[in-house]
Amino acid sequence: MTDEELWGQVRAGASEAFGQLFERHAQAVFAYCLRRTGTWAVAEDLVSVVFLETWRKRASVVVEGSLLPWLYTVALGVTRNHQRARTRYKAALGKVPPQHADDDHADDVARRVDAEARTRAVIAELEKLPAGDREVLEMSAWSDLSQAQIARVLGIPVGTVKSRLARAQRTVRGALVKEAL
Amino acid sequence: MNITPDIPHLDPIRLQVRKHALLNEVSAKPSRRWWRFAVPSTALVAAVAVTLVLWTPTNQDASASWTAEPRAPVDLAPMIAACGKTLDQMDAERGLEGRPVWPAPREVAVTDQRGDMTMVVFTGPQSEALCWGTPKDVGMSAHGSVEEREPLGDRLFADLAPRIGMTEVSGGTSTTILTGRVSPKVDKAVIVTEDALEVTASLGNGWIVTWWPSRGKPKEVRLYDGAGVLLETAPVPVRSR
C-alpha cells in the first residue's frame, strides 16, 4: 500500500495505518534527527515528536506520493527547536517505556557512541555555514528529496536551493553531496 | 570530509516500543486539554455562522445597537426551543465518527440580550453550549469533555475567555463573545477590554456571558458582590492554544 493510500486512512482516523507509516519512515527521520542533533536519545525522542506532530496536523496535510517530504518539514522544525518540542510533548514521551540496562549490550553502546561522535564532527563542520545554506546542504545530503521537494520543505524557490547548495559546497571543502549533484 | 556519516539502524524492539507508545498516545481521548481542540474548530464554525447572522442584508447592524449593559429580558422561549433542536441533533449524533462523546448540555444557565443579539448558555456536568441569534437566525458553539468540570473551589472566577471573535470582511466591524464561570458570591461582573470598553456581563447560575463590538481582548475583570462591593479586580488570563 502506498503512502498516499495509507495517509487517506490516517485522515479518516485509522491509527493502524499511521503505525505502518511510522515503521516505514521512522529510520529515515531518525537518521536526519541524529545527524542534526548529534545525540542518539534526543534523536529517538524527536522521531516520536515528528510523528505526533504529523498526527496532530493530519487533517491539513496532503500527501502526494511519499509522506517523507512532510516528515522532513516537521523534522526540520523540531530539530531547530528541539528542546521546546520535547517539552511540549513531555507527557507523551514520558509514556515510552525506558530502555532496560540489560538491553544495552556493549556492542550497541559502542555503536551509538561511534555514531554520535561521527555526527558531532559533521555538525561542528556544518556550523561554519550560514543557517540557510546549512539546511539546504543537510537536506540535500541526508534525504532522498529532489531539489524541487527541498524547495517546498524549506519554503524557498528552487533557484535559491541551487545557489545555497553551491555556496555551501564551496565552503565545506570536499563535502560529499552526491545526491544533490 | 564525508558529511553523511553512517547511521546505525534503530533497534527493532525499541522501534516497536515507540510505535506502540505513539499509537496509544494518538488513540487516547483528550481530557484536560480539550479546549485546545474544541475551541478552534467550533469557534471557526461559529464565526462563519455569526458572520452570516450579523451581516446578512436583512440584519445589517447588530453592533450599532450594542450597549455596555444588558437590556431587560424578553420572551426567550422561542430561541431556547430553537437552540434545543440543535442540542437534540448533537445528542442524536453523539459518539459517531468525529462527533462529541459527551452529552449535550440542557440547563439554561444564563442569557444575555443587547443590541440585536440574544445569547443563551446551556450547561451540563461535562459540557456547555453557547447559543446566539436574532429573531431571524440561530447559531451554536458547544464544548465538552470526557471528564466533569473542575469545581471552582475558593476561586471567584474560572474559564473566563473570549469564545468567539470575528471581523466583517467588507466593513471591518468586529465582535467578541466571552463566557466564563463565577462564584456564587459574585453578583456583577464587568469586563474591561484592551480598547477601553467596560462591559457588564449577564450573570446567572455561576456563569457569565457577554459580547462587545470589537476584537479588543478582555484585559481585566471586576467582580462585585450583591451590595456593590468590589470583591476582586484581576487580569483575564491569556489562554494558550
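Here is how names work: the chains are called A, B, and so on, in the same order as the sequence lines, proteins then strands, and each is numbered from 1. Side chains are part of it too, since the values below use all heavy atoms of this structure and drop only hydrogens, waters and symmetry mates. Remember, predicted model here, so these are calculated numbers, not experimental data.
- In the displayed structure, B:Glu107 atom CD is contacted under 6.0 Å by at most 12 heavy atoms of other residues, nucleotides or ligands.
- If you measure heavy-atom distances from A:Ile123 to chain B, you find no contacts under 4.5 Å at all.
- Heavy-atom proximity under 4.5 angstrom to chain B picks out nothing from residues 61-73 of chain A.
- Salt-bridge formation is not detected for the pair A:Glu135/A:Arg164: no Lys NZ or Arg NE/NH1/NH2 atom is positioned less than 4.0 Å from an Asp or Glu carboxylate oxygen.
- By the ring pair (Phe, Tyr, Trp, His ring centres under 6.0 Å) test, A:Trp40 pairs with A:Phe30, sequence neighbours left out.
- In B:Lys19, the NZ atom is crowded: over 12 heavy atoms of neighbouring residues, nucleotides or ligands sit closer than 6.0 Å.
- Remark: A:Arg35 does not engage B:Asp6 in a salt bridge, criterion side-chain N to carboxylate O under 4.0 Å.
- Using a 4.0 Å cut-off between charged side-chain N and carboxylate O, A:Arg170 and A:Asp133 make no salt bridge.
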